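What follows is a single structure, written as structure tokens, with notes after it.
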Amino acid sequence: MRPEAVAAWTQLYAAVALLAGICAACALLRTIIELRSGAINLPTGTWKQRAVWFPRLWLRFQLNYLRGFPCIMGIALLYAHYIGFDAFNPA
């Protein structure tokens, strides 16, 4: 593999990892805000309701995270276009 291709792939993976971290932090913040404002209804009356409290909260976080995925994908594609798609060719 050419050194330029290795550098291009490494930079792309680092950029996507950074964007995924930012997206996770924003999703966590939004989930906390929704939980504190009462937008998420998590009843804790019975033991069955308490048993599904964490999975419901985790699902809400995942949905908030997935809302940011199109931005991550778009930025990654724009970055790959900026570098040039030929730079990612290993041959």
Side-chain angles (χ1 to χ4, degrees):
M1 190 179 250
R2 297 177 305 151
E4 297 85 14
V6 172
W9 280 107
T10 304
Q11 291 172 1
L12 181 65
Y13 279 125
V16 169
L18 179 65
L19 290 170
I22 292 169
C23 187
C26 291
L28 180 64
L29 181 65
R30 181 175 176 159
T31 304
I32 290 171
I33 290 170
E34 288 176 347
L35 187 61
R36 288 186 182 224
S37 70
I40 302 174
N41 186 11
L42 296 173
T44 57
T46 65
W47 68 271
K48 287 181 183 179
Q49 290 173 339
R50 284 192 297 261
V52 296
W53 188 83
F54 182 74
R56 282 186 180 182
L57 191 61
W58 181 253
L59 178 64
R60 185 63 153 205
F61 168 77
Q62 291 296 317
L63 290 173
N64 286 335
Y65 180 80
L66 287 176
R67 286 186 185 132
F69 176 74
C71 292
I72 292 173
M73 194 60 152
I75 292 171
L77 285 174
L78 287 173
Y79 179 73
H81 177 70
Y82 173 74
I83 295 291
F85 291 108
D86 293 336
F88 295 97
N89 186 6

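Only heavy atoms go into these numbers, but all of them, side chains included; no hydrogens, no water, no symmetry mates. Nothing here was measured: the structure is a model prediction, and the numbers come from that model.
Pairs engaging residues 12-21 under the side chain to side chain donor-acceptor pair (under 3.5 Å) rule: none recorded [sequence neighbours left out].
Going from atom CD of Glu34 over to atom CG of Asn64 covers 5.0 Å, rounded to the nearest 0.5 Å. Atom CD1 of Ile72 sits about 12.0 Å away from atom CG of Leu77, to the nearest 0.5 Å. To the nearest 0.5 Å, the span separating CG on Leu63 from CZ on Arg30 amounts to 10.0 Å. In this structure, CD in Gln62 is found 9.0 Å from OG1 in Thr31, a value given to the nearest 0.5 Å.
Atom CZ of Arg56 sits in a sparse spot, with 12 or fewer heavy atoms from other residues, nucleotides or ligands closer than 6.0 Å.
Linking Ile, Leu, Val, Met, Phe, Trp and Tyr whenever their side-chain heavy atoms come within less than 4.5 Å puts Trp53 and Ile40 in one cluster. Taking hydrophobic clusters as Ile, Leu, Val, Met, Phe, Trp and Tyr residues chained together by side-chain heavy-atom distances below 4.5 Å, Phe88 shares a cluster with Tyr82. Under the 4.5 Å side-chain heavy-atom criterion for ILVMFWY residues, a single connected hydrophobic cluster contains both Ile75 and Val16. Cluster membership check: Leu78 does not share its hydrophobic cluster with Leu12, using side-chain heavy-atom separations under 4.5 Å among Ile, Leu, Val, Met, Phe, Trp and Tyr.
Panel note: side chain Arg67, backbone Ala27; no donor-acceptor pair is recorded below 3.5 Å.
The shortest non-hydrogen separation linking Gly68 to Cys23 is CA-SG, 3.7 Å. Between Ile83 and Ala87 the shortest heavy-atom distance is CG2-CB, 3.7 Å.
Between Leu35 and Phe61 there is no side-chain heavy-atom pair separated by less than 4.5 Å.
Taking the six-membered ring where tryptophan is involved, the planes of Trp58 and Phe54 are essentially parallel, since the angle between them stays under 30° and well short of 60°.
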